[in-house]
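All chains are named by letter (A, B, ...) in the order of the sequence lines, taking the proteins before the strands, and each is independently numbered beginning at 1.
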There are 2 protein chains.
Amino acid sequence: MTLADVARRAGVSQTTASFVLSGRREEMRISSQVEARILRAVQETGYRPNVVSRSLRTGSTHTIGFVSDTVATTPFAGHLIWGALDAARDHDRLLLIAETEGDPALETQLIETMRDRQVEGIVLASMYTRWANVPRALLGGPSVLLNVLPSKETLVASVIPDEAEAGRAAARLLLEAGHREGIYAVGVGVDPVRTPKGSVAASERLLGIEDVLSSAGTGLAGGVFLDDWQPLGGYDATKQILAREVPARALICFNDRVSFGAYQALEDAGLKIAHDVSVVSFDDEPVASWLRPGLTSVALPHYELGRKAIEVLLSLDGASRPGAVHRVEMPVRVRESVGRVELLAGA
Amino acid sequence: MTLADVARRAGVSQTTASFVLSGRREEMRISSQVEARILRAVQETGYRPNVVSRSLRTGSTHTIGFVSDTVATTPFAGHLIWGALDAARDHDRLLLIAETEGDPALETQLIETMRDRQVEGIVLASMYTRWANVPRALLGGPSVLLNVLPSKETLVASVIPDEAEAGRAAARLLLEAGHREGIYAVGVGVDPVRTPKGSVAASERLLGIEDVLSSAGTGLAGGVFLDDWQPLGGYDATKQILAREVPARALICFNDRVSFGAYQALEDAGLKIAHDVSVVSFDDEPVASWLRPGLTSVALPHYELGRKAIEVLLSLDGASRPGAVHRVEMPVRVRESVGRVELLAGA
DNA sequence: CCCATGCGCTAAATCGCATTAGCGCGTTGC
DNA sequence: GCAACGCGCTAATGCGATTTAGCGCATGGG
């Protein structure tokens, strides 16, 4: 069933049918009788337009390429896709998705494949925030980096979570609860600073934390570097911290998995979370709400990041300055893992 | 840059250029000199074929539609997409993805939109296994159901996890450890049977469990129905079970979140997991490996399910019987939450 | 010497739609 | 009464590739 079939059945030219179906009837002064005939023909034939053909003619596919390193590793990174999907639908676009598995050659190939398919633009996404060079292939057309911070100056815009502000928020939570001493970082080293390689989250969060703490005339009592932020590491690190000279009164765990391990270590040590030691965390994975007491965590705004990337991409023709870095706010999810110091045991 | 440009530059016809670039040189007896000229022209111009145009002509887009209810809720359901993406790439296809958010009208609309884009086929996926009617729109072309079991007879093939066998596996784990009495289900009611509405997992797992237990001359001591399988529910349910007459020696938790709550309840009661009470679970979410002792869980094979769906879709022209239900094995991940009965306290 | 054959390549049609240019007819103006 | 104009619609072209049909030339056979 093609437009020609419909036109023939309605006894009009293809042109007329096209005008009617694309809503240009009035503009083209097609009579309502003719319109009715065409619409009836559409009904009867069950005609559906061939979008491939339309795309070839108009030069617009209404499709956006979404190339990510991996959808698999971080569970709720799927929300990145979710947000992108939603924003795309709001603008009547569909997403063509592919995964590079971290392979640069594959990345280039996939970007080119997508351009060959005449996508309107490409979102190059990482599932965790990291620094990276902008692949040359990306420069061949409109594109946006998602969760990727370009290592060098570039014209490609990027969308990332506001990690520094998140760090400040976490530190403020502790200050407001009266914490001043015995605040430890779990996941990054302090003095000398040591953060997992390539992790924007680690260094920016730490910067934000120290910014706020030093403004309040205090600072971190210490920290334990972890290469990989998993529960076991959090457990071991917390054990270490509990053996330090300055007694731990608050832990800033650099993600929820680390917090999970920290909870186990604190429980093993017979310490009551929030009562003896406060814990703040980052990411707000589901497990944060499962723990008892509920873990206060600064959330990664995956959904919003995904949305934003699409919106920046689609408005590249003006609003957004080329090369702009858009930072998306990380909301604080307050639960019960931070206790007020005056109420703390031994205060 | 079009094929015409390349041809002009090489001093040949578009036809010849097309033959060379599509690897039909020998067949069409194009001389190697001409081939060289064309290849050089391609190099010099940086020509890339316009896939939209090619699709219009050949009628094949090399694109598969992936329509899911939601990528968001279950974290590792992203692995469904991962598997599908991988399988698609193996067959040189790209995936067009969209999400219905459970809205049937949107579902129909998205399926039609994808057909309009001439996708080769559509995978209709649910992020958790459920029964559903096959939407009429899906019948308009090749399609496969993923994680969806058709309520009525249909010609559409489906791919789902083998939940009944998973239930059998879970029960066997307990039997092999010597468990016979005090085996409780956490998540579904027993006597009378009561399972969350629409959940294939619940009823098939239970069927498998009872099958194996009754073959061994025993059965479930009881069960607690939960509408939603979350940690809090698991916690409450386990408390209830611990108050029952027959002492609990083993819990079959219907997913890992429920297990998480069960762990908390068992710890609260001063019971040692594996030593006093064994726990087996389903899904194998990441948290299963974070818990201590590690939670033995029968895994949802998300990646494999995604792969299989694409493979079934692409071989619909023969291999797979129409309407076939493909059940994918759920692998057992043995950790430390099941203890041998002779070693159990009080045995 | 002429026809048949094969070689190496090209002209032109086609896919389904959007769009520009313009056609035929009736009405109006002077 | 004829030009000018507006109305309602259509013919024809192009998007960029693939593919069918066939062209002109050289060669070989009889």
Over 12 foreign heavy atoms within 6.0 Å of CD, Glu26(A): no
Residue Glu329(B) excluded, over 12 heavy atoms near CD under 6.0 Å: no
Atom of Thr63(B), atom of Arg117(A) and distance for their closest heavy-atom approach: OG1-NH1, 2.5 Å
Residues forming a side chain to side chain donor-acceptor pair (under 3.5 Å) with Ser151(B), sequence neighbours excluded: Asn133(B)
Overall bend - the helix from dC1(C)-dG30(D) to dC30(C)-dG1(D), comparing terminal axes fitted on five pairs, nearest 10 degrees: 70°
Report all interatomic pairs (protein N or O, nucleotide N or O of nucleotides 24-26 of chain C) with separations under 3.5 Å.
none

Under the side chain to side chain contact (heavy atoms under 4.5 Å, CB included) test, residues paired with Arg93(B) that sit two or more places apart: His62(B), Ile64(B), Ala88(B), His91(B), Glu120(B), Leu314(B)
Side-chain donor-acceptor pair present, Thr58(A), Arg54(A), cut-off under 3.5 Å: no
Thr129(B) side chain to Asn147(B) side chain, donor-acceptor N/O pair below 3.5 angstrom: yes
Distance in angstrom units between Asp116(B) CG and dC15(C) P, rounded: 19 Å
Atom pair distance, as rounded to whole Å: CD in Glu26(B) and P in dG8(C): 11 Å
Matching residue for Ile30(A) among Val20(A), Thr15(A), Val12(A) - test: side-chain contact (heavy atoms from CB on, under 4.5 Å): Val20(A)
Per-nucleotide protein contact string for nucleotides 7-17 of chain D, where B marks a base within reach and S marks sugar-phosphate only (heavy atoms under 4.0 Å, - for neither): SSBBBB-BBBB
Pair Arg136(B) + Glu112(B), salt bridge at N-O below 4.0 Å: no
Sugar-phosphate, base or nothing in reach of Arg25(A), heavy atoms under 4.0 Å: nothing
Residues that Tyr47(B) engages under ring pair (Phe, Tyr, Trp, His ring centres under 6.0 Å), provided they are two or more places apart: none
